[in-house]
Enquirer: 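Just passing along the structure, written as structure tokens.
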Amino acid sequence: MMRYSEMFLPTTKETPSDAEILSHQLMLRSGMIRKLAGGIYTYLPLGYRVIRKVENIVREEMNRAGAQEVFMPAVQPAELWVESGRWEMYGKELLRVRDRHNRDYCIGPTHEEVITALVRDEIQTYRQLPMNLYQIQTKFRDEIRPRFGIMRSREFGMKDAYSFDATEQSAEESYQKMFDAYIRIFTRFGLTFRPVEADSGTIGGSFSHEFMVTADSGEDGMIYCTSCDYAANLEKAEIARPEEKHDVDYSPMEEVHTPDVRTIEEVSAFLGVAPEDVVKTMIFMSDGEPVAVLVRGDEDINETKLRNYLGCDSLELAMDDTILEVTGSPRGFAGPIGIKSRIIADYSLMNMKDFVVGANKEDHHIKNCNSGRDFEIQNYADLRLIREDDPCPRCEGKLRIARGIEVGHVFKLGVKYSKAMNATFLDSDGKEKLMIMGCYGIGIGRTAAACIEQSHDEDGIIWPMSIAPFQVIITPVNINDEKLSKTAEELYDSLVADGIEVILDDRNERAGVKFKDADLIGIPIRITVGSKSLAEGKVEVRFRKSGEVEKIPLETVRGFITKTINDGLKCA
RNA sequence: CGGGGCGUAGCGCAGCCUGGCAGCGCGCCUGCUUUGGGAGCAGGAUGUCGCAGGUUCAAAUCCUGCCGCCCCGACCA
């Protein structure tokens with residue numbers, strides 16, 4: 001397959017200073033990738049071998065799940081995006097370009113528009129459904145801040161699949177098929193991962209799961225229950241509605257002078273009460289309308305939940321002048337009493353009594369405030385950020401927080417795009433209906449990076465057999481020793497003949513250099529051909545992961561290697 | 001977009017404060033020795049000091065502008 005001496009494989013001893021996380025450092029050091037510009041990378045031969053293996057596993061499982069591979073254009077006409085409404089909505093992440101005729105295009109960050117247009121034009125009847133089409137293609141998202149190498153780059157490889165169904169039930173099945181395929185895919189990569197319930201964001205739709213690879217370096221937070229299956233993205237993580245207790249034994253309300261006391265910490269310290277006895281009043285602008293959102297002092301608002309609850313497009317904290325207008329006081333003294341806006345409150349308010357709020361008056365707060373008596377809360381909702389040890393919404397267990405890398409997501413899109421772009425079919429009842437869609441993504445490069453995050457040691461990468469760039473590396477200890485190099489060459493030829501992915505380290509380097517490189521690039525099996533063992537007619541088979549070494553007689557190496565690789569592919 | 005940092009040989013960095021021969025380590029090339037965990041000795045090559053302008057007898061060094069990269073934040077999914 002490959003001789004090391006001929007391969008373009010520039011490894012380095014030193015770690016590049018601008019690589020922060022381990023997978024990025026190791027990808028650079030092992031000669032897998034090189035940066036061309038911010039968030040834009042070239043895959044070198046070793047890196048591209050890994051990428052192709054990841055793609056092929058994804059491809060196999062997508063095909064197995066009944067999806068068909070297509071290949072769509074990277075450059076997409078603006079009209080499609082105008083039609084779906086995303087030319088306006090998508091924002092600066094969409095890289096827009098003009099052609100020589102001054103027509104607008106974008107470099108596809110995703111392909112809902114293209115696929116919907118295609119299917120709309122070609123599919124007429126329910127008899128042609130369900131249909132699931134996918135592609136593996138380079139996307140471009142002009143991230144504000146690309147980082148962590150290939151983990152969060154601007155240009156990146158992605159598998160994206162789109163399902164079209166005639167009925168809700170069929171759409172559920174399509175979703176489930178993809179969900180199951182994803183489980184198989186990430187299992188084959190040897191990853192420790194977890195599907196978590198997720199917010200469906202601006203892509204829209206009703207339901208979605210993210211596939212999170214657990215890693216401390218992960219950019220995403222997730223929570224999981226210690227005693228049931230519940231797991232969710234931090235932003236999505238639900239909090240159950242507490243039981244309402246009716247306690248009407250209220251103390252009389254009291255206004256107190258609190259000069260220059262603004263934050264929850266300052267208020268609770270100044271008044272000698274716990275943050276749990278203070279209510280935070282935050283003024284948001286929801287599509288231009290002010291809304292007062294109340295949450296217990298020790299909790300934080302989850303803006304994603306709030307946005308979903310309000311069903312608004314834009315949501316931001318109000319500016320100082322708006323606060324003054326709505327509350328009549330400067331920032332830091334907002335409270336619900338007499339406020340000129342709608343008031344909603346998080347569940348954490350439900351059983352609070354005699355709490356502290358801002359007085360809507362500079363340098364004043366109010367003690368012993370109570371909802372119902374002193375002001376009215378229009379609605380209670382689940383609006384706060386989850387915390388470690390919060391109760392599980394599904395069982396009696398407690399929630400834990402972990403970090404993860406989002407390697408895949410599955411969305412139920414519903415009719416968002418079919419409606420906007422008029423993708424209909426004729427149903428058996430003779431009526432025209434909207435196709436029900438789903439979309440399913442896997443980050444190819446990110447998945448490879450996640451594998452490294454989860455599987456490495458101080459010497460380098462430890463690839464699982466399924467995506468290792470080579471399954472075996474043969475290392476003759478000294479290339480100038482005729483016997484060693486001849487044995488290594490013969491072994492190499494026979495393994496190649498067996499269809500094994502093997503690289504022969506035929507460089508005229510000292511053994512230590514070769515060992516270090518073999519470890520760094522993470523080849524699962526190393527066959528060392530050295531004079532001591534060879535005198536006994538044996539070679540040494542060393543496993544990258546465990547470091548264990550077995551001396552195997554030359555005659556039986558081929559069978560041993562084949563079996564080991566097959567076992568490795570099965571369990572990985 | 002705001003804050004901070006960086007840009008000097010292929011890579012990692014020093015030199016800049018206090019202007020005066022462009023340096024170190026790794027890598028690379030040649031030769032000899034060496035050959036089981038990143039060898040030793042000897043010799044050698046390699047720079048628009050990010051770009052442009054300014055100050056100065058003299059600029060990697062000081063000043064101005066621009067570009068690129070990294071980190072933190074805001075933003076987005």
Side-chain angles (χ1 to χ4, degrees), chain A residues 8 10-21 24-25 28-31 34-41 86 89-95 109-110 112 139-149 152-154 156 158 160 198-205 208 210 212 219-221 233-236 303-304 307-308 313-317 405-409 411 439 441 443 446 457-460 475-482 484-485 488 505 507-521 526-535 539-540 542 544 547 549 551:
Chain A
F8 177 38
T11 59
T12 66
K13 263 195 270 195
E14 281 168 297
T15 305
S17 57
D18 55 1
E20 260 211 311
I21 59 169
H24 188 197
Q25 294 172 357
L28 289 166
R29 285 192 54 209
S30 64
R34 287 293 183 264
K35 183 167 71 182
L36 179 64
I40 301 178
Y41 289 83
R86 288 206 291 186
M89 288 299 295
Y90 214 93
K92 288 186 184 155
E93 229 170 84
L94 188 64
L95 183 67
T110 175
E112 279 84 6
K139 311 286 191 205
F140 194 96
R141 294 183 188 171
D142 201 356
E143 295 277 348
I144 287 175
R145 191 144 93 84
R147 62 187 118 175
F148 304 145
R152 188 179 189 81
S153 49
R154 295 195 295 170
F156 60 100
M158 178 170 166
D160 46 324
D199 183 66
S200 40
T202 57
I203 291 189
S208 86
E210 289 173 348
M212 302 280 256
E219 287 190 273
D220 297 289
N233 183 301
L234 269 193
E235 294 176 339
K236 167 86 178 176
E303 286 193 30
T304 303
R307 187 186 303 266
N308 288 344
D313 287 329
S314 81
L315 181 73
E316 57 206 358
L317 273 170
I405 301 162
E406 181 193 345
V407 289
H409 64 197
F411 282 103
C439 77
R446 185 182 280 189
D457 62 16
E458 60 281 1
D459 292 317
T475 309
V477 160
N478 182 354
I479 206 78
N480 299 315
D481 183 325
E482 276 281 320
L484 296 188
S485 59
D505 194 348
R507 293 176 299 169
N508 186 14
E509 288 285 353
R510 297 165 61 85
V513 174
K514 297 188 185 186
F515 293 157
K516 287 289 183 190
D517 275 333
D519 286 349
L520 177 62
I521 67 178
R526 186 181 85 207
I527 303 177
T528 314
V529 182
S531 49
K532 278 176 235 157
S533 298
L534 195 58
V539 291
E540 293 159 31
R542 184 175 193 273
R544 175 67 181 85
V549 177
K551 290 193 179 186

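Reminder, nothing fancy here: chain letters follow the sequence lines and each chain counts from 1.
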Enquirer: Hey, does A:E143 reach any base, or is it just sugar-phosphate, or nothing, if we go heavy atoms under 4.0 Å?
Expert: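 A:E143: no heavy atom of the nucleic acid under 4.0 Å.
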
Enquirer: Take atom P in B:G10 and the same atom in B:C49, then report the distance between them in whole Å.
Expert: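 Approximately 12 Å lies between the P atom of B:G10 and that of B:C49.
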
Enquirer: Taking atom C1' of B:C1 as reference, at what distance in whole Å does atom CG of A:D142 sit?
Expert: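 Answer to the nearest Å: 14 Å.
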
Enquirer: Does OP1 or OP2 of B:C71 have a side-chain N or O of A:R145 closer than 4.0 Å?
Expert: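 For A:R145, the contact criterion (side-chain N or O under 4.0 Å from OP1 or OP2 of B:C71) is met.
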
Enquirer: Tell me which nucleotide, if any, is Watson-Crick or G-U wobble paired with B:C57 when both distances must be under 3.5 Å.
Expert: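 Check on B:C57: paired to B:G20, both distances under 3.5 Å.
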
Enquirer: Check the distance between B:C76's P and A:R86's CZ and give it to me in whole angstrom.
Expert: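 Atom CZ in A:R86 sits about 16 Å away from atom P in B:C76.
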
Enquirer: Taking the nucleotide of RNA chain B with the nearest heavy atom to each, does A:A511 or A:E303 sit closer to the 5' end?
Expert: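 With A:A511 and A:E303 compared, the 5'-side residue is A:A511.
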
Enquirer: Suppose we call a contact any N or O donor and acceptor under 3.5 Å apart; does that hold for the side chain of A:N480 and the base of B:U35?
Expert: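 Pair found.
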
Enquirer: Taking side-chain hydrogen bond (donor to acceptor under 3.5 Å, both in side chains) as the test, write out the residues that go with A:T528, two or more places apart.
Expert: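 So A:T528 forms a side-chain hydrogen bond (donor to acceptor under 3.5 Å, both in side chains) with A:R526.
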
Enquirer: Examine distances only and state if a side-chain atom of A:Q25 and a backbone atom of A:A19 form a donor-acceptor pair shorter than 3.5 Å.
Expert: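 Yes, A:Q25 side chain to A:A19 backbone: donor-acceptor pair under 3.5 Å.
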
Enquirer: So for A:R526 and B:G37, does any side-chain atom that can act as donor or acceptor lie under 3.5 Å from a complementary atom in the base?
Expert: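 Yes, a donor-acceptor pair under 3.5 Å.
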
Enquirer: Verify, without hydrogens or angle tests, whether A:K551 (side chain) and A:S533 (backbone) share a donor-acceptor contact under 3.5 angstrom.
Expert: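 A pair under 3.5 Å: no.
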
Enquirer: Would you indicate what A:K35 reaches in the nucleic acid, counting non-hydrogen atoms under 4.0 angstrom: base, sugar-phosphate, or nothing?
Expert: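 Counting heavy atoms under 4.0 Å across all strands, the contact made by A:K35 is with sugar-phosphate only.
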
Enquirer: Are the side chain of A:K92 and the backbone N or O of A:D142 linked by a donor-acceptor pair below 3.5 Å?
Expert: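 Not confirmed, A:K92 side chain does not pair with A:D142 backbone.
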
Enquirer: Using whole Å, report how far CZ of A:F515 lies from P of B:A39.
Expert: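 Between P of B:A39 and CZ of A:F515: 12 Å.
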
Enquirer: Considering every strand and a 4.0 Å limit on heavy-atom distances, what is the contact class for A:D220: base, sugar-phosphate, or nothing?
Expert: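 Base, at least one base atom sits under 4.0 Å.
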
Enquirer: Classify A:G91 by what it touches in the nucleic acid, base, sugar-phosphate, or nothing, heavy-atom distance under 4.0 Å.
Expert: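 A:G91: no heavy atom of the nucleic acid under 4.0 Å.
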
Enquirer: Do A:R542 side-chain atoms and A:I527 backbone N/O form a donor-acceptor pair below 3.5 Å?
Expert: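 Checked: no pair found.
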
Enquirer: For A:T475, answer base if it contacts any base atom (sugar-phosphate contacts may also be present), sugar-phosphate if it contacts only those atoms, and nothing otherwise; contact means non-hydrogen atoms under 4.0 Å.
Expert: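 The residue A:T475 makes no contact with any strand.
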
Enquirer: For B:U48, which nucleotide is its Watson-Crick or G-U wobble mate, given both distances must be under 3.5 Å?
Expert: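 Matched B:U48 with nothing under the 3.5 Å cut-off.
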
Enquirer: Looking at B:G36, does its base get a donor-acceptor pair with the side chain of A:E540 below 3.5 Å?
Expert: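 Flag set: donor-acceptor pair detected.
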
Enquirer: Please pick, from B:G37, B:G38, B:C72, the nucleotide with the shortest atom-to-atom distance to any side-chain atom of A:R29.
Expert: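 Nearest listed nucleotide: B:G38.
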
Enquirer: Give me the distance, rounded to whole Å, that separates B:G7 from B:C63 when you measure between the P atoms they each carry.
Expert: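 These two P atoms come out 15 Å apart once rounded.
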
Enquirer: From the set B:A74, B:C70, B:A39, return the single nucleotide nearest to any side-chain atom of A:I144.
Expert: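 When the side chain of A:I144 is considered, B:A74 is the closest of B:A74, B:C70, B:A39.
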
Enquirer: Using both distances under 3.5 Å as the test, list the Watson-Crick or G-U wobble partner of B:C69, or none.
Expert: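 By the stated definition (distances under 3.5 Å), B:G5 pairs with B:C69.
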
Enquirer: side-chain hydrogen bond (donor to acceptor under 3.5 Å, both in side chains) with A:R446: which residues, sequence neighbours excluded?
Expert: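 With sequence neighbours excluded, A:R446 shows a side-chain hydrogen bond (donor to acceptor under 3.5 Å, both in side chains) to no residue whatsoever.
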
Enquirer: What is the separation between atom CG on A:L95 and atom P on B:A77, rounded to the nearest whole Å?
Expert: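 It is 17 Å, rounded to the nearest whole Å.
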
Enquirer: Residues in side-chain hydrogen bond (donor to acceptor under 3.5 Å, both in side chains) with A:K35, at least two apart?
Expert: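 Residues passing side-chain hydrogen bond (donor to acceptor under 3.5 Å, both in side chains) with A:K35: none at all.
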
Enquirer: Can you tell me, in whole Å, how much space there is between the C1' of B:U55 and that of B:C62?
Expert: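 My reading of the C1' atoms in B:U55 and B:C62 gives 8 Å.
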
Enquirer: Between P on B:A77 and CG on A:L94, what's the gap in Å once rounded to a whole number?
Expert: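 Distance, rounded to whole Å: 12 Å.
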
Enquirer: Could you go through the side chain to side chain contact (heavy atoms under 4.5 Å, CB included) check for A:L95 and A:R154 one step at a time?
Expert: CA-CA 10 Å; A:L95 183 67; A:R154 295 195 295 170; over 6 Å; no

Enquirer: Name the closest nucleotide to the A:K13 side chain, picking from B:G38, B:C76, B:G36.
Expert: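 Closest nucleotide among those given: B:G38.
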
Enquirer: Quote, to the nearest angstrom, the P distance that separates B:U61 from B:C16.
Expert: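 Approximately 12 Å lies between the P atom of B:U61 and that of B:C16.
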
Enquirer: Between B:C41 and B:U35, how far apart are the C1' atoms? Round to whole Å, please.
Expert: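 Per the computed distance, 16 Å lies between those C1' atoms.
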
Enquirer: Return the nucleotide paired to B:U35: Watson-Crick means purine N1 to pyrimidine N3 with N6-O4 or O6-N4, wobble means G-U with N1-O2 and O6-N3, both under 3.5 Å.
Expert: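 Looking at the geometry, B:U35 pairs with no nucleotide.
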
Enquirer: Measuring only the P atom in each nucleotide, how far is B:G54 from B:C21? A whole number of Å is fine.
Expert: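 The same atom, P, in both gives a distance of 23 Å.
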
Enquirer: Could a donor-acceptor pair under 3.5 angstrom be found where the side chain of A:R542 meets the base of B:G36?
Expert: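 No, the side chain and the base share no sub-3.5 Å donor-acceptor pair.
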
Enquirer: Calculate the interatomic distance between A:R507 atom CZ and B:G38 atom C1'; express it in whole Å.
Expert: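 Result: 10 Å.
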
Enquirer: Rounded to whole Å, how long is the line connecting atom CD of A:E93 with atom C1' of B:C1?
Expert: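 Those two atoms, CD and C1', are 15 Å apart.
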
Enquirer: Report the residues that fulfil side-chain contact (heavy atoms from CB on, under 4.5 Å) with A:E219, sequence neighbours left out, ordered by chain and then residue number.
Expert: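 side-chain contact (heavy atoms from CB on, under 4.5 Å) check on A:E219 returns A:R147, A:F148, A:R152.
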
Enquirer: Which nucleotides of nucleotides 8-13 of chain B have their base under 4.0 Å from a protein heavy atom (B), which only their sugar-phosphate (S), and which neither (-), written as one string 5' to 3'?
Expert: ---BSS

Enquirer: Taking CD from A:E509 and C1' from B:U34, how many angstroms apart are they, rounded to a whole number?
Expert: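 Rounded to whole Å, this separation is 13 Å.
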
Enquirer: For a quick check of understanding: with a heavy-atom distance under 4.0 Å over all strands, which category does A:D517 fall into, base, sugar-phosphate or nothing?
Expert: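 Base contact - A:D517 has a heavy atom under 4.0 Å of at least one base atom.
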
Enquirer: If we take the P atom in both B:C24 and B:U46, what is their distance in whole Å?
Expert: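 My reading of the P atoms in B:C24 and B:U46 gives 14 Å.
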
Enquirer: Quick one: the side chain of A:N478 and the base of B:G36, do they pair up donor-acceptor inside 3.5 Å?
Expert: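 For A:N478, whose side chain was compared with the base of B:G36, there is no donor-acceptor pair (under 3.5 Å).
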
Enquirer: Using Watson-Crick or G-U wobble geometry with both distances below 3.5 Å, tell me the partner of B:G43, or none.
Expert: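 Partner of B:G43: B:C29.
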
Enquirer: Which nucleotide, in any strand shown, forms a Watson-Crick or G-U wobble pair with B:C75, with both distances under 3.5 Å?
Expert: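 Matched B:C75 with nothing under the 3.5 Å cut-off.
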
Enquirer: Return the set of residues passing side-chain hydrogen bond (donor to acceptor under 3.5 Å, both in side chains) with A:E509 (not counting sequence neighbours), or none when no residue passes.
Expert: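 A:E509: no side-chain hydrogen bond (donor to acceptor under 3.5 Å, both in side chains) contacts found.
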
Enquirer: If you check the A:R147 side chain, which of B:G37, B:C71, B:G36 turns out closest?
Expert: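 Closest of the options to the side chain of A:R147: B:C71.
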
Enquirer: Please report the distance separating the C1' of B:C13 from the corresponding atom of B:U56, rounded so that it comes out in whole Å.
Expert: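 Nearest-Å result for B:C13 against B:U56 at atom C1': 30 Å.
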
Enquirer: At under 4.0 Å between heavy atoms, what does A:E210 touch on the DNA or RNA strands: base, sugar-phosphate, or nothing?
Expert: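 Answer is nothing: A:E210 stays at 4.0 Å or more from every strand.
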
Enquirer: Would you confirm whether A:T475, through its side chain, and A:D505, through its main-chain N or O, come within 3.5 Å as a donor-acceptor pair?
Expert: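 No, A:T475 side chain to A:D505 backbone: no donor-acceptor pair under 3.5 Å.
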
